[in-house]
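Heads up: the structure comes next, in structure tokens.
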2 protein chains.
Amino acid sequence: MINSYQDGDKFTLAVDCIIFGFDNEKLKILLIKRDFEPEKGKWSLMGGFLRKEENLDEAADRVLQHLTGLDNVYLEQLHAYSAVDRDPLERTVSVSYYALINASTTPEINDDGEQYAAHWFNIDEAPELIFDHNAMVRHAMNRLRYRALTKPIGFELLPEKFTMRQLQSLYEAILGEKLDKRNFINKINGLDILHKLDEKDMNSSRKGSFLYMFDELKYNAKVSEGFIFKL
Amino acid sequence: MINSYQDGDKFTLAVDCIIFGFDNEKLKILLIKRDFEPEKGKWSLMGGFLRKEENLDEAADRVLQHLTGLDNVYLEQLHAYSAVDRDPLERTVSVSYYALINASTTPEINDDGEQYAAHWFNIDEAPELIFDHNAMVRHAMNRLRYRALTKPIGFELLPEKFTMRQLQSLYEAILGEKLDKRNFINKINGLDILHKLDEKDMNSSRKGSFLYMFDELKYNAKVSEGFIFKL
DNA sequence: ACAAAAGTGTTAAGAATACACCCATGT
DNA sequence: ACATGGGTGTATTCTTAACACTTTTGT
């Protein structure tokens, strides 16, 4: 049974990316409209096939870069989907990844009109997706919520400089609940992983609000001292 | 790029199982000694190849049943490992699963001596494993610790009837730390998901200790009322 | 002067932790 | 009678949650 390779069936392997973004108000997801069969015209996640010379992480990076042009994106593997009939055309096992991209750094999406049209949707207004992609998105949301509480991944979704209010809005969008302003700020400051700038953002109010940066060095130092990030 | 299936490479897909057990004292892992190449004679996880007519969960079930004869085992998918050179003989992508089996229900292991010899190891005394199996085990331990705090999975590893002390020892083994007896019992009782029997286990002491059963109905009712299990 | 968002601490409630003695029984 | 593990409750600390007013400044 396991003592030989010769009798193994072979499979097409795909990656599908759940791409999250944030526009300072709502959590978004990037979807593409399929311009090819099967399920032409329907919305789906961005995906691609694994190639012999790469591993799954690299395939996900490649797919993401093709669509967004972005490199060094936060990507995390989620789950392998393998139902025999999940893809009606051909047996395909797909490994899902979720990506966090900072909407303000994001250049135009590679929407070449030929293969697919890409579009940002509010996470709660996304259309029905093909295959098992709806389940993939639900799963990704759960993981995102969990991760947001145990790793400072939120910063991946924000511009380099951001206000406390933006950070709070992001966490509210991820967790799906309102948070208390003072408690939130106290908690964040208690973590001591932000650098407060002298600069203010004057867009949101007359008074202006101070900008902060995530201090990755401080964070890494704390983690290596055994500090456990917990929001 | 994604608009056709024809140019896709194909891959051998495997599942590898991290099989945890508990002997009332230590957390154990079931490993097999390979009697075939590559890496003949070395210890590894139990694995097998995915077949066309099944999905990954089914493949993991099959592999596990072949080894242990057990059905209805708790199995959870963990991660897809896909390094190009992870298996020196042939490009193989492997999806890891962890399994929890109740050592007392476990019949003899299917150790047929021809293909492999299976052996239980204390988790902290396990030998070096082939390929990336060491990483798979580390990953599985982390997931097990997390799950143990948020789902009553511990009960999968115990006999149907068990004492509080057994339950506590199990959690201590999983979490790798000593717990306070009174606090532990208070917490467990606070969850109100156990059924206390009139029966006593007379093996562990002269006085005897009451046996308990996990009440799955109560648990499910609580969960569907929105109760969040948190140990 | 007022509208609109920023900024700032304290108190109360709840959760987690530390801790020590008596009980039942077989030998 | 004693040795062994079983069983039980309270006080303290820490963490989390609730809560309201003043500041700044552009119009």
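Excluded from the calculations below are hydrogen atoms, water molecules and symmetry mates; all remaining heavy atoms, backbone and side chain alike, are included. Every chain is numbered from 1 and lettered A, B, ... according to where its sequence line falls, protein lines coming before strand lines. Predicted, not measured: the structure shown is a model, and the values here were computed from it.
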How many Å lie between [atom1] on [X] and [atom2] on [N], as a whole number?
| X | N | atom1 | atom2 | answer |
| --- | --- | --- | --- | --- |
| B:L179 | C:dA18 | CG | P | 11 Å |
| B:Q166 | D:dG7 | CD | P | 12 Å |
| B:K196 | D:dG6 | NZ | P | 13 Å |
| A:I188 | C:dG7 | CD1 | P | 14 Å |
| B:I185 | C:dC19 | CD1 | P | 18 Å |
| B:N189 | D:dG6 | CG | C1' | 14 Å |
| A:F184 | D:dC19 | CZ | C1' | 18 Å |
| B:K181 | C:dC21 | NZ | C1' | 10 Å |

Excluding sequence neighbours, so at least two apart, what forms ring-ring contact (aromatic ring centres under 6.0 Å, His included) with A:Y212?
->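 Scan of A:Y212 (ring-ring contact (aromatic ring centres under 6.0 Å, His included), adjacent residues dropped) gives none.
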
Using a distance-only test with no angle check, is there a side-chain donor-acceptor pair under 3.5 angstrom linking A:D16 and A:S96?
->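 The criterion, which ignores hydrogens and geometry beyond distance, is not satisfied for A:S96 and A:D16.
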
Side chains of B:N203 and B:D201: donor-acceptor distance under 3.5 Å anywhere?
->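 The criterion, which ignores hydrogens and geometry beyond distance, is satisfied for B:D201 and B:N203.
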
In residues 222-231 of chain A, what residues come within less than 4.0 Å of DNA chain D, judged by heavy atoms?
->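 The stretch gives none, as no residue of it lies under 4.0 Å from the strand.
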
Parallel, tilted or perpendicular: ring planes of A:W43 versus A:H119, cut at 30 and 60 degrees =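 Aromatic pair A:W43/A:H119 classed tilted.
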
Plane angle bin for B:Y98 and B:Y74 - parallel if under 30°, tilted between 30 and 60°, otherwise perpendicular =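 The rings of B:Y74 and B:Y98 sit tilted, inter-plane angle from 30° to 60°.
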
Give a yes or no on this: more than 12 heavy atoms of other residues, nucleotides or ligands lie within 6.0 Å of atom CG of A:D124.
->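 Yes, enclosed.
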
Does a sphere of radius 6.0 Å around NZ in B:K42 hold more than 12 heavy atoms from other residues, nucleotides or ligands, not counting ones at 6.0 Å or beyond?
->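 Atom NZ in B:K42 is not packed in, count stays at 12 or less.
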
Kindly state whether the ring of A:F162 and the ring of A:F155 have centres lying under 6.0 angstrom apart.
->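 Yes; A:F155 has its ring centre under 6.0 Å from that of A:F162.
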
Not counting sequence neighbours, list each pair that qualifies as a side-chain hydrogen bond (donor to acceptor under 3.5 Å, both in side chains) and has a residue in residues 137-147 of chain A.
->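 Non-adjacent pairs meeting side-chain hydrogen bond (donor to acceptor under 3.5 Å, both in side chains): A:E76-A:R143, A:E76-A:R147, A:Y81-A:H139.
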
Sugar-phosphate means primed atoms, P, OP1 and OP2; the rest is base. With that split, encode nucleotides 9-15 of chain D 5' to 3' as B, S or - using protein heavy atoms under 4.0 Å.
-> B------

Would you confirm whether B:N122, through its side chain, and B:E125, through its main-chain N or O, come within 3.5 Å as a donor-acceptor pair?
->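 Such a contact is absent between B:N122 side chain and B:E125 backbone.
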
Would you please name every residue forming a side chain to side chain contact (heavy atoms under 4.5 Å, CB included) with A:K161, sequence neighbours left out?
->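 Partners of A:K161 by the side chain to side chain contact (heavy atoms under 4.5 Å, CB included) criterion, ordered by chain and then number, come out as A:L197, A:E199, A:L211, A:M213.
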
Of residues 198-210 of chain B, the positions that come close to DNA chain C - non-hydrogen atoms, cut-off under 4.0 Å |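 Residues of residues 198-210 of chain B under 4.0 Å from DNA chain C: B:R206, B:K207.
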
